[in-house]
Amino acid sequence: MSIAVENVAYAAGKTIVVDGITLAVEQGKVLGLLGPNGSGKSSLLRLICRLRKVDSGIIRLAEQDIAAIPRANLARRIAFVEQQATTDTQLTVRDVVQLGRTPHRGLLSPWGVDDDLAVEDALARVDMAHRADQFWHTLSGGERQRVHVARALAQTPSELLLDEPTNHLDIQHQLEILSLVTRLGVTSIIALHDLNLAAMFCDSLAVLQNGKVVAAGAPQEVLTEDLIARVFGVRAHIERSAVHGRYNIQYTMG
Amino acid sequence: MRAAVSRQHRWWALVALTVVAVVLLAIMISLAVAIGEIAIPLSTTARAVSNRIFGTSFELNRIHQGIVWDYRLSRALVAASAGASLALCGVVLQAMLRNPLAEPYVLGISAGASTGAVCVMILGLGYGALTLSGGAFIGAIVAFLLVGVLAAGAGRSSERIILCGVAGSQLFNALTSYIVTTSANAEQARGVLFWLLGSMSGVRWSDVYLSVPVAIAGYLACLFHARALDAFAFGTDAAAALGIAVRRVQVVLFGITALMTAAVVSMVGSIGFVGLVIPHAARFIVGPSHHRLLPATALGGAIFMVFADIVSRIIIPQQILPIGVVTALFGAPAFAIILFRARRSV
């Protein structure tokens, strides 16, 4: 297992946000985290990259308890793309992507060829290389999101956590980002709202409700009309797409 | 490839800029020594300094020798190091609190220092064992700790820390006013006011021996954390995800800024706007990367403060303005410009 979450609980103040979650992702696979707003997806991602401490339970990264891994080592392995992180500093796109090299650089080691390559490669992958010198605050929401993904890629992680990476993106870039991430061969956990995108791109899915996993497994096992009605409170019709062979969910009114 | 070439260009530009700034600082300090009620030629200054440092024996007017060495040079060095310290504190706080308006005094440090100084000066606390500077230093640290405890209880987000700083400042300013209005006579009140606005007039060599090492040590400590400061651009979570030990860096850097500010305030009073304006000016020139920004800010702060000291001594004949008045006269318009720019970029 690349990432294994075992019976993890976390409370923010008195509110239990993550309530005994167990799940695992195999090396190189993509796990989609689904669930309504406030179901604990973002908190779980934050726990996995240790931005928050678990109250109980263990999170393992390649069999090692993350609580025992020094912060900088952890950052060389796991990259995290937050929702809507922004800055007032006058940074260029390249400046932001270069931040991804932070965990790889020693105190005195100068910026090297490797760093340059990682940054240029990351910029090219999200189709922002030609905008590298543009200022952050002039970018649209979707462009910012792509730059964040590039920053995470420049971190050259073996595990990638993305919190709703397709928010703010137009449909072309939604598909591009997800197909990019899923083709990287990097173990990824992606919190998503769009069930169809989840079905298209993820190897497995976990559905969260009130901080608990209510369903987990392959997309075709997890995404049932009954579950969607129970968790999301909407009626849906599911069929296998004639175009891409994956599940396709259509919502019905009333 | 192009990135590498342009980086080399920038490297040369930076070296040139550094040389220019250092030369400018040397010129400023020389001017600060030369200019005053008694004008002393630069050649005399150079000889006086050489007599003291290299043991040469140029024939000099003893009064000139004394003015150069005992008054003006020490004063210029303290001004330079205090300016560098305050500006560094500003750049560090702006990065960590992610707020363009943060400056050393936002943590309530100067207000606490003032209260401490007033306690010694007017209430006679410390029974003569505490100097005014000592009182100010203790007041600054107490204020910082109080704001730190408040902020820890209030959740540590940058807005909360700033609000706690504002609350702390108000409290200590009120205490200062209370003590001054209830206990001070007119002469004491005038002395306090002068001190509150920043004054270089009491500066001696003993201050140089504190102020210069504090500035250098603080600068090196900040430079050591330059990469962490860069990583704070997107907030504490983003910095932590990049491998920065956020809590440790916060404790260390807040501690350093508190000590630097306390040391400066205890020597020369509270001098506003240097910590606010200089980092922004430096950012215009060298950009946001802290490896360049920290040296630029330190040099800029030093040059600006020595300049302000010269202006404070010559702008009104026969009279010395508090240096805080001069820095604020330049700083307030700059502050307004920053506000307008901040509004535009939203």
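- For Phe307(B), the ring pair (Phe, Tyr, Trp, His ring centres under 6.0 Å) partners at least two apart in sequence or on another chain are Phe330(B).
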N/O donor-acceptor pairs under 3.5 Å from side chains in residues 7-18 of chain A, not counting sequence neighbours:
none

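- Residues passing the side-chain hydrogen bond (donor to acceptor under 3.5 Å, both in side chains) test with Thr187(A) are Ser2(A), sequence neighbours excluded.
- Between Leu242(B) and Gly100(A), the closest heavy-atom pair is CD2-CA, 4.0 Å.
- Contacts of Phe232(B) with chain A are absent, with no heavy-atom separation under 4.5 Å from either backbone or side chain.
- For the pair Arg151(A) and Phe234(B), the minimum side-chain heavy-atom distance is 4.5 Å or more.
- Contact annotation for His104(A): neither backbone nor side-chain heavy atoms come within less than 4.5 Å of a heavy atom of chain B.
- Asp230(B) has its side chain out of reach of Thr102(A): every pair of non-hydrogen atoms, C-beta onward, lies at least 4.5 Å apart.
- A 4.5 Å side-chain heavy-atom check between Arg283(B) and Gln90(A) finds every atom pair outside the cut-off.
- Within residues 48-69 of chain A, the residues having any heavy atom under 4.5 Å from a heavy atom of chain B are, by residue number, Leu51(A), Arg52(A).
- Neither the backbone nor the side chain of Leu161(A) has a heavy atom closer than 4.5 Å to any heavy atom of chain B.
- The backbone N or O of Ala241(B) sits less than 3.5 Å from a side-chain atom of Gln155(A), completing a donor-acceptor pair.
- Residue contact with chain B, scored on non-hydrogen atoms closer than 4.5 Å, involves the backbone of Thr86(A) exclusively.
- With a 4.5 angstrom heavy-atom cutoff, Leu74(A) does not touch chain B via any of its atoms.
- For the set Arg101(A), Arg105(A), Glu82(A), the entry with the most heavy-atom pairs within less than 4.5 Å of chain B is Arg105(A).
- When all heavy atoms of Arg71(A) and Ala240(B) are compared, the pair lying nearest together is CD-O, 3.1 Å.
- Top candidate by heavy-atom pairs under 4.5 Å with chain B, chosen from Leu99(A), Thr89(A), Val119(A), is Leu99(A).
- Looking at heavy atoms from C-beta onward, Phe80(A) lies out of side-chain contact with Asp237(B) at the 4.5 angstrom threshold.
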